[in-house]
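Notes for the one structure printed next.
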2 protein chains.
Amino acid sequence: MKKQLLVVDDDPDILKVLKANFELYGFDAVTAANWAEAHDILNNQLPDIIILDLMLPDSDGIQICRLLKDQYPRIPIIMLTAKDSVFDKVMGFESGADDYIVKPFETLELIARIRACLKRTMPVDSTIVINNLEVNFSAHTVKVKGKEIELTPKEYELLHLFITNRGEVISRQFIRKKIWRESEIYSWSRVIDVHIQHLRHKIEKNPSEPEYILTVSGAGYKFRQ
Amino acid sequence: MKKQLLVVDDDPDILKVLKANFELYGFDAVTAANWAEAHDILNNQLPDIIILDLMLPDSDGIQICRLLKDQYPRIPIIMLTAKDSVFDKVMGFESGADDYIVKPFETLELIARIRACLKRTMPVDSTIVINNLEVNFSAHTVKVKGKEIELTPKEYELLHLFITNRGEVISRQFIRKKIWRESEIYSWSRVIDVHIQHLRHKIEKNPSEPEYILTVSGAGYKFRQ
DNA sequence: TAATTTGTGTAAAGATTCGGTAAAAGTGTT
DNA sequence: AACACTTTTACCGAATCTTTACACAAATTA
């Protein structure tokens, strides 16, 4: 699964070069030229990481970073800036940045740092065992009681999302942003529930009394610890 | 709880300065002058993070990093080195480093990067404990005397509101604005009281003599400090 | 002091919403 | 066309919310 980056920079040339490079290295890059655009994007989809230029035309980068960390605490942020003083760096980190890169920078270093960042947030590529459930994300296989089962793409994405956020409540809103991204779904649509149902039938012993995918009334779903 | 750093560097002067600085900033720093010493320390205790100089006298830093990541994959590593080429940086990250800092560096920046690294690796357990009550807002769970209880959405929202405004008197007016928002409720409605009652039955030992949700006659309710 | 008003606690009934579910319809691929 | 997968639709029952009615205590008034 391609990791999605949100790149926010006001210089269209830099944006173009970065986007091209990121895609060359296997990322899915979404770009925004200012805070307003970035905000719009975040309303419909949640990237895996944000690359944030500090010199945006319509707002103060440090404030934006605080705001982002407040609203989306799990998304790592890499700051890109021309300011290289220790003071600025410390400010950047204190406003919640996960890394801070001074311009001009080498694309390869940026890529390496993005990977390092993502590695931290999305751990373990080996097999995860939860009770009777075995999931191997690198091999893309799911076993129930040692027996391999087949999941459709959507079901697999759902399971992936659940396991990477195990123990936390996941709202339908969050699921929609992460899995359906910009594609349109009516707010009243029951698609998510239907896929949950399918997934439950495949992994739960008794789908009406689920032990893995628990529903949290009024909030969403939660994968058991 | 102080975070423990393991600092590995062959220059005793740098080691001394770093240790003093780290302790000034509230870390517990353990030092090693070479790989052998570091290895000994790791046999007895696991630090929260490793600061690794790449130019050790008795071994190759990149190899060490790989070895460390293999044996202690959860401990983040920050590389410290004089090599500033992109090639070296990428090598560093590929061998598993979580951050890479080029010498000479500012101590404040190093501190900021250590903090950023720790923040990413150590997910904070956001459980709030009040007497016999344990609430975890990210897991959306409430425990009374260690036993998990189920709350309906409205009950949960109420509890959330109370805990985030703990110790303050909360008027019904305020509750209505915060929880019922735009939905219309008659001003004489007793909904709020009814939900309070339900909540009390679930979290109070003796609902008629509440110890958490206290009634402030004529004003509203107050959650105990 | 007695009567009245006000504020809150509480049980139970009625109303509404939400989530589970089956089946049909839509979409795209081979 | 057959197939696999996704999405919509419609319905049901249970969970949840709201109203209602009354009880009771404290405060206020006569």
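Everything quoted here is computed from the prediction, not taken from an experiment. Residue numbers start from 1 in every chain, and the chains themselves are labelled A, B, ... in the order their sequence lines are given, proteins ahead of strands.
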Subject >> Lys/Arg-Asp/Glu bridge criterion (N-O < 4.0 Å) met for A:K205, A:E211 >> reply: no
Subject >> Ion pair B:D84/B:K89, N-O distance below 4.0 Å >> reply: no
**OP:** Take A:Q197 and B:S217, find for each the nucleotide of DNA chain C with the closest heavy atom, and name the residue whose nucleotide sits nearer the 5' end.
**Re:** B:S217
Subject >> Distance-only side-chain donor-acceptor flag, A:Q173 / A:R176, under 3.5 Å >> reply: yes
Original post:
Quick one: do the B:R200 and B:T215 side chains pair a donor with an acceptor below 3.5 Å?
Top reply: yes
In whole Å, what is the span from the [atom1] atom of [X] to the [atom2] atom of [N]?
X: B:H195; N: C:dT16; atom1: NE2; atom2: C1'; result: 12 Å
X: B:D193; N: C:dG7; atom1: CG; atom2: P; result: 12 Å
X: B:H198; N: C:dA13; atom1: NE2; atom2: P; result: 13 Å
X: B:I192; N: C:dG9; atom1: CD1; atom2: P; result: 12 Å
X: B:K154; N: C:dT17; atom1: NZ; atom2: C1'; result: 10 Å
X: A:R200; N: C:dG19; atom1: CZ; atom2: P; result: 11 Å
X: B:L214; N: C:dT8; atom1: CG; atom2: P; result: 14 Å

Original post:
Does A:R172 put a side-chain nitrogen or oxygen below 4.0 Å from OP1 or OP2 of C:dG19?
Top reply: yes
Original post:
Does the side chain of B:T215 get closer than 4.0 angstrom to OP1 or OP2 of C:dG9 through an N or O atom?
Top reply: yes
Contact class for [X] (heavy atom, under 4.0 Å): base, sugar-phosphate, or nothing?
X: A:W188; answer: nothing
X: B:Y156; answer: nothing
X: B:V216; answer: sugar-phosphate

Subject >> Smallest separation among heavy atoms of B:E148 and B:T141, with atom names >> reply: OE2-CG2, 3.4 Å
Original post:
Closest approach of A:F174 and A:L161, non-hydrogen atoms and distance?
Top reply: CE2-CD1, 3.9 Å
**OP:** With sequence neighbours excluded, tell me which residues meet side-chain hydrogen bond (donor to acceptor under 3.5 Å, both in side chains) with A:K177.
**Re:** none
Original post:
Reading DNA chain D 5' to 3', which nucleotide is the first, and which the last, to come under 4.0 Å of any heavy atom in chain B?
Top reply: D:dT16 to D:dA21
Subject >> Heavy-atom donor-acceptor pair, A:R190 side-chain to C:dG19 base, under 3.5 Å >> reply: yes
